[in-house]
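As structure tokens, the structure follows; a few thoughts come after it.
Throughout, numbering of the chain's residues begins at 1 and tracks the sequence. Side chains are part of it too, since the values below use all heavy atoms of this structure and drop only hydrogens, waters and symmetry mates.
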Amino acid sequence: MTPIITRFAPSPTGNLHIGSARTALINFIVNQQNPLSKFYIRIEDTDKERSRSEFSQNILKGLEWLGLNWENEIQIQSKRIKRHQEIANKLLENKFAYKCICSEEKLKTQRELIKSNKNLSKKICTECKINSEVQDLKEGFVIRIKIPDDGSLKIEDKIQGNVEVLNKEIDDFILLRKDHSPTYMLSVVVDDNDLGVNFIIRGDDHLNNTFRQNYIYKYLNWNSPVYAHIPLIHGEDGSKLSKRHGAVDVLDFKEKGYLPEAIINNLILLGWSPGKENELIDINEIIEKFEITKLSKSSSIFSYKKLNFFNNYYLRNQSGLNKFLEYCKNNKKLKDLILKNENKIKTIFEVYKKDLNNFAEILDIVDVYFDKNFKLDQNEVFSDEFKSLYKDFLNSISNIDNWDRENIQNTISDFLNLKNIKFPILGKPIRFLMTNSYNGPSISDIFLILGKKDSIDRLNQYIEKN
Ligand code: GLU
């Protein structure tokens, strides 16, 4: 088995986007499917104006949080400029590239001409390569690659299938700028080649670049990698997934209390199906079953609703409580409340987890249970039937010695039986007395969360009115 060398090559011009995380995930999976493989990270930080180290940190943290481990050494593109220059000069020496001194004005006119006549070759500079004076210059030029006008280039993409582009459609793109800085188009090929990358999995917004980049491999006699261009993900309105749709940065999902396994489960089902009835799938099963060639080539829709479904499933399972406590450690409000009463926080989580989309939803729920100055809304009016039961109920509840769920539930059902009444007559007003709301969990759960003392204190606030 030939080891597969994959890479994820983010530009640190923004935080780790959920769509990029999907690209990284697929690289990681393909890599995990092959025992001798390697998965590298390269930070493509050559755009000095827009690249920032905070973004690099954010990207790496996001990948780490998702568990997408990579090879120790991270390739930093800006540290390899000399190597990129060396290759540009080699291409120049071997006449696969040429010097160009066209002015911006001239290029602009040429661009307009190309735009207006679709049949014309895309070569923007037609004169410099045949001008020996220009080719003898020592400074003040850009280096452009030489792409033939005739013929075509075919690429077999693992997702997109066979794609063919006419050579006249490919421009003589710049390799090295006037200030000797390399372009992305050159750097990416040199860096991938030097890492030994033989499988490039990236967004299909790079498909066009592949045809350009392939010429560099060709001219240098380097082995060209296998490609898989993944379609981008869209929001439910069909447009490119962006902040307008909701959270899109991986670490924002973390902050909201989404679990990596839910995000991975949701992402992997975009354009691929494990072919089983239920859609729950963990990373090990994904690695076992995923086939990149089966990934759909049309774009898929990212659904927050589905993510919530998966997240709810994973936060409810066995390790959910520990993961929740871990989440609390990184959240100021919950961290403080844990110091006040860890058991209460745990009980709230256990009671509410069946309805939670994410851990952050707990933040609004806790207030009423931790409110030491809870004041009952005395304007609320209850039925006469409830009024006649209230004192006896308070009495029964106060008599519970061992304040656990079973005893509380038994006390309530015994009381209902004894008085021969239906639950809502008692339950609804009691829930209101405890929380100032008719909505919420069962009253036994509310009693359990509040504990005996607070429960009885709250019940005692009720002043019977006629
Ligand atoms: N740095 C590029 C980007 O963030 C990816 C380049 C590549 O995968 O070839 O879009």
Side-chain angles (χ1 to χ4, degrees), residues 11 42 44-51 75-153 155 165-195 206 208-225:
S11 306
R42 174 172 62 249
E44 300 204 322
D45 58 345
T46 39
D47 180 346
K48 284 202 191 73
E49 304 256 296
R50 293 169 60 225
S51 298
Q75 198 182 43
I76 308 287
Q77 194 153 65
S78 61
K79 291 198 177 148
R80 296 180 36 85
I81 291 177
K82 281 217 163 68
R83 172 74 175 146
H84 306 147
Q85 291 166 335
E86 177 198 324
I87 296 300
N89 286 316
K90 192 168 166 188
L91 288 165
L92 188 62
E93 270 163 37
N94 295 339
K95 308 261 181 298
F96 290 120
Y98 59 90
K99 299 170 186 172
C100 164
I101 55 157
C102 289
S103 64
E104 241 341 286
E105 216 179 6
K106 193 169 171 188
L107 293 176
K108 198 176 155 214
T109 320
Q110 193 68 10
R111 246 178 235 125
E112 271 158 21
L113 206 71
I114 292 173
K115 227 176 172 181
S116 62
N117 185 345
K118 293 208 163 44
N119 293 326
L120 214 67
S121 155
K122 289 272 159 66
K123 309 297 179 284
I124 203 164
C125 162
T126 46
E127 289 160 13
C128 292
K129 62 182 151 211
I130 47 171
N131 181 334
S132 57
E133 258 171 55
V134 174
Q135 296 314 306
D136 284 344
L137 286 173
K138 296 278 173 271
E139 270 306 324
F141 52 82
V142 302
I143 299 182
R144 285 185 187 278
I145 196 161
K146 219 184 260 177
I147 308 277
D149 255 335
D150 304 330
S152 64
L153 183 62
I155 282 174
V165 168
L166 295 175
N167 284 332
K168 68 172 187 182
E169 294 287 329
I170 309 173
D171 57 327
D172 284 353
F173 58 89
I174 297 176
L175 299 168
L176 220 56
R177 301 185 189 90
K178 247 183 210 153
D179 63 1
H180 308 293
S181 63
T183 56
Y184 154 73
M185 216 60 82
L186 171 68
S187 308
V188 76
V189 174
V190 177
D191 291 349
D192 279 337
N193 176 74
D194 291 359
L195 275 181
H206 285 288
N208 280 339
N209 291 338
T210 305
F211 290 89
R212 299 188 175 106
Q213 290 162 6
N214 222 261
Y215 271 98
I216 306 180
Y217 284 100
K218 249 187 203 288
Y219 290 161
L220 293 162
N221 259 328
W222 287 349
N223 286 332
S224 148

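For Leu153 against Tyr215, the heavy-atom pair with the smallest separation is CD2-CE1, 3.7 Å. Shortest non-hydrogen contact noted between Ala97 and Leu175 is CB-CD1, 3.9 Å. Closest approach of Cys125 and Tyr98 over heavy atoms only: O-OH, 3.6 Å. Smallest separation of non-hydrogen atoms from Val188 and Gln77: N-NE2, 3.7 Å. The two residues Ile124 and Gln110 make their nearest non-hydrogen contact at O-CG, 2.8 Å. Nearest heavy atoms, Pro182 versus Leu186: CB-CD2, 4.1 Å.
One distance of note links CD of Glu44 with OG of Ser187; it measures 7.5 Å at 0.5 Å rounding. A distance of 12.0 Å separates CD1 of Ile76 from CD1 of Ile81, quoted to the nearest 0.5 Å. To the nearest 0.5 Å, the span separating CG on Asn209 from CD1 on Ile170 amounts to 11.0 Å. Here the straight-line distance linking atom CD of Gln213 with atom CG of Asp192 works out to 8.0 Å at 0.5 Å rounding. From Glu169, atom CD reaches atom OG of Ser121 across 8.5 Å, with rounding to the nearest 0.5 Å. Distance CH2/Trp222 to CD1/Ile216: 8.0 Å, rounded to 0.5 Å.
Inter-residue side-chain proximity for Leu91 and Ile143 is flagged as unmet; no heavy-atom pair is nearer than 4.5 Å. For the pair Lys122 and Ile147, the minimum side-chain heavy-atom distance is 4.5 Å or more.
A salt bridge does not link Glu112 to Lys115: none of the charged nitrogens lies less than 4.0 Å from a carboxylate oxygen.
Atom CG of Asp149 sits in a crowded spot, with more than 12 heavy atoms from other residues, nucleotides or ligands closer than 6.0 Å.
At distances below 3.5 Å, at least one donor-acceptor pair connects side-chain atoms of Asn167 with backbone N or O atoms of Asp150. No side-chain donor-acceptor contact under 3.5 Å links Ser51 to the backbone of Lys48. At least one donor-acceptor pair closer than 3.5 Å links the side chain of Asn89 to the backbone N or O of Gln85. At distances below 3.5 Å, at least one donor-acceptor pair connects side-chain atoms of Thr183 with backbone N or O atoms of Ile174. One N or O on the side chain of Lys99 and one on the backbone of Gln135 form a donor-acceptor pair closer than 3.5 Å.
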May I have the step-by-step check of side chain to side chain contact (heavy atoms under 4.5 Å, CB included) for Val134 and Phe141, ending in yes or no? CA-CA 8 Å; Val134 174; Phe141 52 82; 5.6 Å; no

For residues 102-109, please give each side-chain donor-acceptor pair under 3.5 Å, one per line with the distance, not counting sequence neighbours.
| from | atom 1 | to | atom 2 | distance (Å) |
| --- | --- | --- | --- | --- |
| Ser103 | OG | Lys106 | N | 3.1 |
| Lys106 | NZ | Glu127 | OE1 | 2.8 |
| Thr109 | OG1 | Glu105 | O | 2.9 |

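Applying the ring-ring contact (aromatic ring centres under 6.0 Å, His included) test to His180 and every residue at least two apart in sequence or in another chain returns nothing. Under the rule for a ring-ring contact (aromatic ring centres under 6.0 Å, His included), the partners of Phe96 that lie at least two apart in sequence or sit in another chain are Tyr219.
When each of Lys146, Arg212, Lys129 is tested with Asp172 by the rule side-chain hydrogen bond (donor to acceptor under 3.5 Å, both in side chains), just one qualifies, namely Lys129.
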